[in-house]
Amino acid sequence: MGRDLSLGLAQIRISTAVSNDGLEYGTISPANFRKYRSALLDPLRNIRYLAGEVRLLLHRHNRFPGISSDELIHNPFAMALVMSEYRMGRQAAGNRAARLVVNALGDLEDLQKNAVYIFGRDASDVIQIQAGVRKYLDYVYCEKGIFNSAACEARLD
């Protein structure tokens, strides 16, 4: 456990936690390293680091500065982009040139299919969110030309 591993429920890297606290990973002491490793193995603290990382990803100048959680849940592209960057690291490109990972689209599929509970939302808002996600995924799979026609047809089944 002496490396920069991904730890805990949210699989946060020690270097990510250190960076989010405003420190440089390469300069922390062994005692600080152990402190971060211990913190990331605590489920509550691990999720707090996840929340902090997501907020940092969203509020960068070339992303969605000032976006609220309510605006985020109604913006499938923003959700897919932050999930992509969470998985593969921060991208320097602006929103239009940023790359999405397929897993992020799968996460949106789960949200759209009601596999993920949308906390504290009334049924009509959940339906609206899911419809927005469905419309976005139909655009990505069928209209944007990234995927072949078989991917689009599979969505229609």
Side-chain angles (χ1 to χ4, degrees), residues 3-28 36 39-40 45-121 124-157:
R3 296 181 184 243
D4 186 23
L5 301 173
S6 296
L7 299 172
L9 295 170
Q11 290 296 287
I12 299 289
R13 286 191 176 276
I14 295 171
S15 61
T16 300
V18 169
S19 171
N20 289 352
D21 284 344
L23 303 172
E24 297 218 13
Y25 177 70
T27 65
I28 64 170
Y36 277 99
L40 291 175
R45 292 175 75 187
N46 188 277
I47 295 301
R48 283 187 182 146
Y49 274 108
L50 163 66
E53 176 65 7
V54 168
R55 186 56 54 197
L56 288 171
L57 290 172
L58 286 169
H59 284 280
R60 291 170 38 225
H61 73 281
N62 63 341
R63 287 296 176 256
F64 308 95
I67 192 171
S68 70
S69 59
D70 196 55
E71 291 167 328
L72 175 63
I73 197 76
H74 286 90
N75 185 334
F77 172 71
M79 287 189 286
L81 184 52
V82 78
M83 287 185 276
S84 295
E85 289 193 322
Y86 177 71
R87 286 195 167 99
M88 66 183 195
R90 296 174 184 164
Q91 301 177 54
N95 288 345
R96 290 181 188 250
R99 295 181 45 207
L100 301 179
V101 296
V102 173
N103 287 349
L105 299 177
D107 292 342
L108 287 178
E109 287 278 354
D110 288 342
L111 182 68
Q112 189 267 322
K113 291 177 181 173
N114 210 14
V116 177
Y117 178 74
I118 303 173
F119 295 96
R121 304 272 173 192
S124 64
D125 195 28
V126 170
I127 290 168
Q128 181 185 15
I129 292 165
Q130 290 172 321
V133 169
R134 175 66 186 217
K135 183 177 178 182
Y136 175 73
L137 288 173
D138 286 346
Y139 166 75
V140 169
Y141 284 111
C142 301
E143 296 173 36
K144 197 162 183 187
I146 297 171
F147 295 94
N148 62 29
S149 60
C152 182
E153 290 169 14
R155 288 208 32 80
L156 301 175
D157 292 339

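Residue numbers count from 1 along this sequence. Just the heavy atoms: all of them, side chains too, but no hydrogens, waters or symmetry mates, feed the values below.
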Criterion side-chain contact (heavy atoms from CB on, under 4.5 Å) on Arg63 and Val82, from CA distance to verdict: CA-CA 9 Å; Arg63 287 296 176 256; Val82 78; over 6 Å; no

Whether Glu85 side chain and Gln91 backbone form a donor-acceptor pair below 3.5 Å: yes

Inter-residue atom distance Asn20.CG - Tyr36.OH, 0.5 Å rounding: 9.0 Å

Nearest atoms (heavy-atom pairs only) where His74 meets Gln128: NE2-OE1, 3.9 Å

Expected output: side-chain Asp4 to main-chain Arg13 donor-acceptor under 3.5 Å: no

Heavy-atom side-chain contact between Glu71 and Leu58 under 4.5 Å: no

Nearest-0.5 Å distance, CG of residue Leu81 to CG of residue Asn75: 9.5 Å

Atom pair CD1 (Ile73) and CE (Met79), whose distance is rounded to the nearest 0.5 Å: 5.0 Å

N-O pairing of Arg90 and Glu53 below 4.0 Å: yes

Distance-only side-chain donor-acceptor flag, Tyr49 / Asp21, under 3.5 Å: yes

Heavy-atom check, side chain of Asp70 versus side chain of Arg121, under 4.5 Å: yes

Where Ala104 and Ala80 come nearest, the two heavy atoms and their spacing: CB-O, 3.4 Å

Approximate separation, where rounding is to 0.5 Å, of Gln11 CD and Thr16 OG1: 11.5 Å

Shortest non-hydrogen contact from Arg3 toward Tyr25: C-OH, 4.0 Å

Taking every non-hydrogen atom, the tightest pair across Ile12 and Tyr86: CD1-OH, 3.6 Å

Approximate separation, where rounding is to 0.5 Å, of Lys113 NZ and Leu137 CG: 9.5 Å

Minimum-distance pair of heavy atoms, taken over all atoms of Leu100 and Ser84: CA-OG, 3.3 Å

Neighbour count >12 (heavy atoms, 6.0 Å) for atom CZ, Arg60: yes

Spatial distance of atom CD1 (Ile129) from atom OG (Ser124) [nearest 0.5 Å]: 9.5 Å

Close side-chain approach of Leu40 and Arg45, heavy atoms under 4.5 Å: no

Minimum-distance pair of heavy atoms, taken over all atoms of Asn62 and Ala92: ND2-O, 3.0 Å

